[in-house]
Number of protein chains: 2
Amino acid sequence: MPVTLQDVAAAAGVSQATAARALNNYGSVSAGAKERVLKAAADLGYETNHVAQALRSGNTRTVNFLPGNIGAPFFARIAHILSGTLEEAGYVLAVSSSYEQVERERSIIESMRARMSPGLIVAPAHRDLHEHLQRLQQRGTAVVAIDRSLAERGIDSITVDNYALGADAAAHLIALGHRTLGLIYDSDDIGSTPDRVRGAAEAIRAAGGTVVAIQAGTDLEMATTRICERLALSSSEPTALIPMDALMTEATIAAIRQLDLRIRTDLSLVAVDDHSLARLLDPPLTVMAQPVDQIGEDAARLMIQRLEGERTDEVVDLRHRAELIVRGSTALRN
Amino acid sequence: MPVTLQDVAAAAGVSQATAARALNNYGSVSAGAKERVLKAAADLGYETNHVAQALRSGNTRTVNFLPGNIGAPFFARIAHILSGTLEEAGYVLAVSSSYEQVERERSIIESMRARMSPGLIVAPAHRDLHEHLQRLQQRGTAVVAIDRSLAERGIDSITVDNYALGADAAAHLIALGHRTLGLIYDSDDIGSTPDRVRGAAEAIRAAGGTVVAIQAGTDLEMATTRICERLALSSSEPTALIPMDALMTEATIAAIRQLDLRIRTDLSLVAVDDHSLARLLDPPLTVMAQPVDQIGEDAARLMIQRLEGERTDEVVDLRHRAELIVRGSTALRN
DNA sequence: CTGTTAGCGCATTCAC
DNA sequence: GTGAATGCGCTAACAG
C-alpha cells in the first residue's frame, strides 16, 4: 500500500533510475526532470524504504548499543547521548542489555550480523573474553568499546581512566592527612573496580599510608554486614573510606549508620559517580564524577567516523579523567 | 561473502525452495532432504539474513521505544525490561529520546515507517497532540502508550494511576493528622503531574483540609527559591509537603535545608519514585513507588501479543497503582 | 542526460 | 515432495 519509487517515477513520467537519481542527488538529472520527480514524490507522500535500501546497499544504518544493563544510570545516560548524536547522522540506535554475561553478548552479536548492523558500541562484559568482538570487527563491523578498554586487543575504546580515578580519590584523602584508607569493592575481577582499587592502593602506599582492602560482595545487605564487621575491628582502623561503585557507597553509608558513626567527623568518604541525591545527603558527598556525556559523545562521533570511512587510522584509546567534586563528606583527619 | 540460502541449497543438492522449507519448517520436505539441508547449513555456518527476510515478508521484528528521555531512571529501567522480554520473543529494541517534543516524536515516527518497524512503545510527549500516533496505528503499526494513557484515543495504554498516586500520598498524610498540605510541581501541563496534583487536592479537600499549590518551575535552583519563598510565608503554613516528581523532591529538600527546618519534625514529606539513595537520606524518605518493572513487562507482553495477532480485542487500558512505602520522612502532626 | 537491466537474499506460488 | 520462477523496493552498472 505504501508508495514506492516505481509510483513516483510513473507519476513524474520518468524511469525508476532517474527518479532515484533525482531523489538521492547523484548522477545527473535535468532540472526539469528533477523538479517533476520531487513534486511527484511530495504529492504522493513518498518515503524511501530503508529495508530495501539496506538490502541493496548492504548498510542498514543501525548501530547497536550493548551495555551490561541499559537500566543503570551510567549506561542510560550514554544511551541518551548516543541516540541523539547518531540520529542526527541518520542512524538508528538498537539496544540490549548483556547482563554482564559473555554468553548473551555473543548471541546478541550473532543476531546483529544477521541483521546487517554495521556498528557496535559495547561495554564488554568481560576483560578477557573478547574474541567474539575481535571477530566481529574483522568481519567488517565497526566496534567501539566503552567503560573497559580493549585497545590492546585492537578495538577502539573510550573509557574513564579508572586507575587515575582511584589514585585521585586517594590523593585527596591523603592531602587531608589521612593515612589509613579503606577501599571497598564488590569483587576482585568485575568491571572497572580492579583498576580503581589498584590506583588507590598504589597512591596510598606511595604516600606511606596503609591500605585496608574490604571485599564486600555484590549483595547490598551482605556487603553492609561485612563492612560493619571490618570497621568494627579495632586493629588498623581506617580514617577514610573509598567505596568503588554506587552499590558499595550505599552499603558503606548504611554500615556507618549502623555503627553509629558519623561521616566526615568520624570517617571521611569519597564516593564514585555523582548523583543529584548525593548533594542532598547529610553531609553532601564528595565524589569522583565520571564524564558520562563526554564518553557518549565521543563514542558516537568515533562510530560515525568509522562508518563513514572518514577515519582509518589505527586504534583509538581515549581515557577520560574523572573529576573530583569536593563536598562535605571529606575533612581533615582529626 | 556471507553464506546465503543459495549456498546451502547447492551444498545440500536441493533447490532453494526446499532448503527454505527445511530451515523454516513449513510445506513438506522429505526427511532425507531436510537432514542434508540442516547439515549443510550447520557446516557452512549459515544464518538467515533478516534484512532480506524483512523485505520479503514485510516484518522487521523491530520494536521502537520512544520515551521522553532514555537517560531518565524510570524510562531506562523500562527499556531494560523491554529489551529482555522482546529479545526472548525474537524482536529487537530500537530506542530514541523524544526530548518531550512532539516534533521529534513525529519525525522519529516517520523514520520508523520507512524502516518498516511493526511496533512502537511510546511515552507520549503531549497529552493532546497524538494524531500522529493514531495515524501510525491506523496504518497497521502496533502502538502501546506508557506513562500517559491514550486509551480514550484508541491506543493501548499501560500507566500508573497518577490520580490515585496523588490521593494515596495525601491520604497517608491526612491519616497522620495533617490538614494543610503543600503540593509542589513544576508546571501545570507537563507529564503525569497534573493528575497527581488533582488526586491529592481532591483527597485533601474531601477531608476538609486546605491545599497549598506551589508551582515551582522546571529549573532546580529557581524551584528551590520559589519553594523557600512560599514556605516562608507565615499565612496558612503547610505541615506536610508532596513534591510531585524527582526534581521537585530535590528542590523541596534543598529549600527545607535553607530554611533550617527539619524533615519529619517540622515538615512531613512524601516523595514520588523510589530510589536506593532515598533510604540513605536522613530521615529516609517515605515514597510513592511506581511499579516500573511491571509496566515494562506488561508493555512488552502486550506488544508481542498484538504483533503476533494473539490478541485482537479492543483497547487495553491498564492502570497500575503506585505503592506507598512508609519510611522516616512522615510523622504525626505535632 | 536518461532508460534498461540485473540483482541484494529470501519466501512463495505454481507446476510437475 | 520438489524445483523453477517471481518479486519485495531499491541501487548501480551499462548502454544509449
Side-chain angles (χ1 to χ4, degrees), chain A residues 1-38 40-41 44-62 90 111-118 139-140, chain B residues 1-38 40-41 44-62 90 111-118 139-140:
Chain A
M1 178 64 79
V3 20
T4 74
L5 185 57
Q6 184 101 251
D7 303 328
V8 175
V14 298
S15 76
Q16 244 188 78
T18 306
R21 285 190 271 252
L23 257 6
N24 303 317
N25 306 304
Y26 73 90
S28 20
V29 192
S30 69
K34 181 160 186 172
E35 194 179 341
R36 273 179 306 154
V37 170
L38 262 28
L44 299 179
Y46 170 78
E47 346 175 39
T48 107
N49 180 325
H50 280 267
V51 177
Q53 208 167 54
L55 178 59
R56 181 60 230 241
S57 68
N59 184 359
T60 55
R61 299 187 77 84
T62 298
S111 95
M112 269 186 64
R113 276 180 45 76
R115 288 173 180 277
M116 307 200 319
S117 171
R139 286 176 174 177
Chain B
M1 178 64 82
V3 22
T4 73
L5 185 56
Q6 186 100 249
D7 303 329
V8 174
V14 298
S15 75
Q16 238 188 84
T18 306
R21 286 190 270 251
L23 256 7
N24 303 317
N25 306 303
Y26 74 90
S28 20
V29 192
S30 70
K34 180 161 188 170
E35 194 179 340
R36 273 178 305 152
V37 170
L38 262 30
L44 299 179
Y46 169 77
E47 345 175 40
T48 104
N49 180 325
H50 281 269
V51 177
Q53 206 166 56
L55 178 59
R56 180 61 228 242
S57 68
N59 183 0
T60 55
R61 299 187 76 84
T62 298
S111 96
M112 270 186 64
R113 278 180 45 76
R115 288 172 181 278
M116 308 199 320
S117 171
R139 286 175 173 179

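The chains referred to below are lettered A, B, ... by the order of the sequence lines, with proteins before strands, and numbering in each begins at 1.
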Please report the distance, rounded to the nearest Å, between [atom1] in [X] and [atom2] in [N].
| X | N | atom1 | atom2 | result |
| --- | --- | --- | --- | --- |
| B:E35 | D:dG1 | CD | C1' | 16 Å |
| A:M116 | C:dC10 | CE | P | 10 Å |
| A:D7 | D:dC10 | CG | C1' | 13 Å |
| B:Y46 | C:dA11 | OH | C1' | 10 Å |
| A:R21 | D:dC14 | CZ | P | 14 Å |
| A:R61 | D:dC10 | CZ | P | 16 Å |
| B:L23 | C:dC10 | CG | C1' | 11 Å |
| B:Q6 | C:dC10 | CD | P | 9 Å |

Of all the nucleotides listed ([options]), which has the minimum atom distance to the side chain of [X]?
| X | options | result |
| --- | --- | --- |
| B:Q53 | C:dA11, D:dC10, C:dG3 | C:dA11 |
| B:Q16 | C:dT2, C:dA11, D:dA12 | C:dA11 |
| B:L55 | C:dC1, D:dC10, D:dC8 | D:dC8 |
| A:S15 | C:dA11, C:dG3, D:dC10 | C:dG3 |
| B:N49 | C:dC10, C:dG3, D:dT2 | C:dC10 |
| B:A20 | C:dA11, D:dC14, C:dG9 | C:dA11 |
| A:R56 | C:dG7, C:dG9, C:dC10 | C:dG7 |

When you measure from the side-chain N and O atoms of [X] to the phosphate of [N], is any distance below 4.0 Å, counting only OP1 and OP2?
| X | N | answer |
| --- | --- | --- |
| A:S30 | C:dT2 | yes |
| A:T18 | C:dT2 | no |
| A:Y26 | D:dC10 | no |
| B:N24 | C:dA11 | yes |
| A:T4 | D:dG9 | no |

Point-to-point distance, once rounded to the nearest 0.5 Å, from CD of A:E47 to OG1 of A:T4: 12.5 Å
Nearest 0.5 angstrom please: B:R61 CZ to B:H50 NE2, how far? 8.0 Å
Sorted by position of nearest nucleotide on DNA chain C, 5' first, the leading residue of B:E47 and A:A19 is A:A19
For B:L5 and B:T48: C-alpha separation, side-chain torsions, deciding distance, then whether side-chain contact (heavy atoms from CB on, under 4.5 Å) applies. CA-CA 7 Å; B:L5 185 56; B:T48 104; over 6 Å; no
Classify the nucleic acid contact of B:V14 as base, sugar-phosphate or nothing, counting any heavy atom under 4.0 Å across all strands shown. sugar-phosphate
Scan B:A33 against the nucleic acid and name what it touches under 4.0 Å (heavy atoms): base, sugar-phosphate only, or nothing. sugar-phosphate
Map B:A17 and A:S57 onto DNA chain D by nearest heavy atom, then report which one ends up closer to the 5' terminus. B:A17
Counting distance only, does the side-chain N/O of [X] pair as donor-acceptor with the main-chain N or O of [Y] below 3.5 Å?
| X | Y | result |
| --- | --- | --- |
| B:S117 | B:T62 | yes |
| B:R115 | A:T60 | yes |
| A:R36 | A:A12 | yes |

